[in-house]
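Order of the sequence lines sets the chain letters (A, B, ...), proteins ahead of strands, with each chain counted from 1.
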Protein chains: 2
Amino acid sequence: MAKTQPDSCGLGPAFQVIGGKWKALILWLVHTEPRRFGELKRLVPDISEKMLIQQLREMEADGLVHREVFHQVPPRVEYSATPLGQSLDDALVPLANWGKQHGAAIEARKTNAA
Amino acid sequence: MAKTQPDSCGLGPAFQVIGGKWKALILWLVHTEPRRFGELKRLVPDISEKMLIQQLREMEADGLVHREVFHQVPPRVEYSATPLGQSLDDALVPLANWGKQHGAAIEARKTNAA
DNA sequence: TCAGTACCTTACAAAATTGTAGGTACTTGT
DNA sequence: ACAAGTACCTACAATTTTGTAAGGTACTGA
């Protein structure tokens, strides 16, 4: 993301950690149950491995997700939402509902305009 | 923004209309009272005129803001939030609160990591 | 030793977003 | 005539984000 939004209102930090194309989706997938790396890859087929790791690492650095390595064979890594991640996910719910309610109408408007 | 987030959850459309560096802030400024173009420019000093207009136009196309021209001299244009814009702003409040609560902690974490 | 799974990395390139610099049209004030 | 104010536009360039391709490790079973 380009730097930060001038945050007169608190949205700046939030967008900083959840902005971008994939993070919200990843958080969403991870917030109910721990997910393995390969599992996430399958659940988000359009993401490249690089992006997936990159986003996971950033979210880990921001304290949103927890990464746990199981020293097994084959190796096993699980990602789960931290309490902070959970709280962010909760804060995202109204926005998701808004999208569900108005998304279709907005899509339609765009199609007409084009 | 790059295309859309695969929206398994409704966040896709929401991010599509509010994503980017300035839109949330503009919506925030406009949602309480109508604002003139020049007024917004002063309230967001770091934005370029081009960006301001571009974002306003996109938000207008998405039905979030209403643009009203007063045929006066000097010309006068006012931007205000539509009901849809208001509803989006409401949906953004929890996220803003999250940012206010946890923003500082996240900043601190980043500083340590660097 | 070879193939196979799972996880991760790096170098490089494409695409999207944002910014800069200049310009328009109109009217008032000097 | 000319500067100043308001709202906007356009071409171009820098920055940021995302994607692609190609590895690389570690361990297992045949």
Enquirer: Rounded to whole Å, please give me the gap between CG in B/Leu52 and P in D/dA7.
Expert: 10 Å
Enquirer: Choosing from D/dT18, C/dC7, D/dC8, which nucleotide comes nearest the side chain of B/Val77?
Expert: D/dC8
Enquirer: Please enumerate all residues that pass salt bridge (charged side-chain N to carboxylate O under 4.0 Å, His left out) together with B/Glu33, with sequence neighbours excluded.
Expert: B/Arg35
Enquirer: Determine which pairs satisfy ring-ring contact (aromatic ring centres under 6.0 Å, His included) with at least one residue from residues 35-58 of chain A, sequence neighbours left out, and list them in order.
Expert: none
Enquirer: Show me, pair by pair, the donor-acceptor contacts under 3.5 angstrom made by side chains of residues 80-89 of chain A, not counting sequence neighbours?
Expert:
unit_1	atom_1	unit_2	atom_2	d
A/Thr82	OG1	A/Gly63	O	2.6
A/Thr82	OG1	A/Leu64	O	3.0
A/Thr82	OG1	A/Leu84	N	3.4
A/Thr82	OG1	A/Gly85	N	3.1
A/Gln86	NE2	A/His31	O	2.7
A/Ser87	OG	A/Leu84	O	2.6
A/Ser87	OG	B/Trp98	NE1	2.8
A/Asp89	OD2	A/His31	NE2	3.4

Enquirer: Looking at residues 31-38 of chain A, who's got a heavy atom less than 4.0 Å off DNA chain C?
Expert: A/Arg36, A/Phe37, A/Gly38
Enquirer: B/Arg42 or B/Arg57: which one's nearest nucleotide on DNA chain D is closer to the 5' end?
Expert: B/Arg42
Enquirer: B/Glu39 CD to D/dG5 C1': how many Å, rounded?
Expert: 16 Å
Enquirer: Residues two or more places apart in sequence or in another chain: which of them pass side-chain contact (heavy atoms from CB on, under 4.5 Å) with A/Asp90?
Expert: none
Enquirer: Indicate, with a heavy-atom threshold strictly under 4.0 Å, whether A/Phe70 touches base, sugar-phosphate, or nothing.
Expert: nothing
Enquirer: Whole-Å distance between C/dC7 C1' and A/Leu56 CG?
Expert: 11 Å
Enquirer: If you compare every side-chain N and O of A/Tyr79 against the phosphate oxygens of C/dC8 (OP1, OP2), does one of them come in below 4.0 Å?
Expert: yes
Enquirer: What pair of heavy atoms forms the shortest contact from A/Val30 to A/Tyr79, and how long is it?
Expert: CG2-O, 3.8 Å
Enquirer: What is the distance from CZ of A/Arg67 to P of C/dA6, rounded to the nearest Å?
Expert: 16 Å
Enquirer: Scan nucleotides 20-30 of chain D nucleotide by nucleotide, 5' to 3', and note B when protein non-hydrogen atoms come under 4.0 Å of the base, S if they reach only the sugar-phosphate, - if neither.
Expert: B------SS--
Enquirer: If a pair satisfies salt bridge (Lys or Arg N to Asp or Glu O under 4.0 Å) and one of its residues is in residues 10-20 of chain B, list it, with sequence neighbours excluded.
Expert: none
Enquirer: So, does A/Arg76 get its side chain near the phosphate of C/dT5, meaning an N or O under 4.0 Å from OP1 or OP2?
Expert: no
Enquirer: Output the rounded distance in Å from CG (A/Leu25) to C1' (D/dT18).
Expert: 15 Å
Enquirer: Shortest non-hydrogen contact from B/Met59 to B/Leu27?
Expert: CE-CB, 3.7 Å
Enquirer: Figure out the CD/P separation between B/Gln54 and D/dA7, and round it to whole Å.
Expert: 19 Å
Enquirer: Among all residues two or more places apart in sequence or in another chain, which pass the salt bridge (charged side-chain N to carboxylate O under 4.0 Å, His left out) test with B/Arg76?
Expert: B/Glu78
Enquirer: Write down the distance between NZ (B/Lys21) and P (D/dT16), rounded to a whole number of angstrom.
Expert: 8 Å
Enquirer: To the nearest Å, give me how far apart NE2 (A/His71) and P (C/dC8) are.
Expert: 12 Å
Enquirer: Without placing hydrogens or testing angles, list every side-chain donor-acceptor pair under 3.5 Å for residues 48-57 of chain B, not counting sequence neighbours.
Expert:
unit_1	atom_1	unit_2	atom_2	d
B/Ser48	OG	B/Met51	N	3.3
B/Glu49	OE2	B/Lys41	NZ	2.8

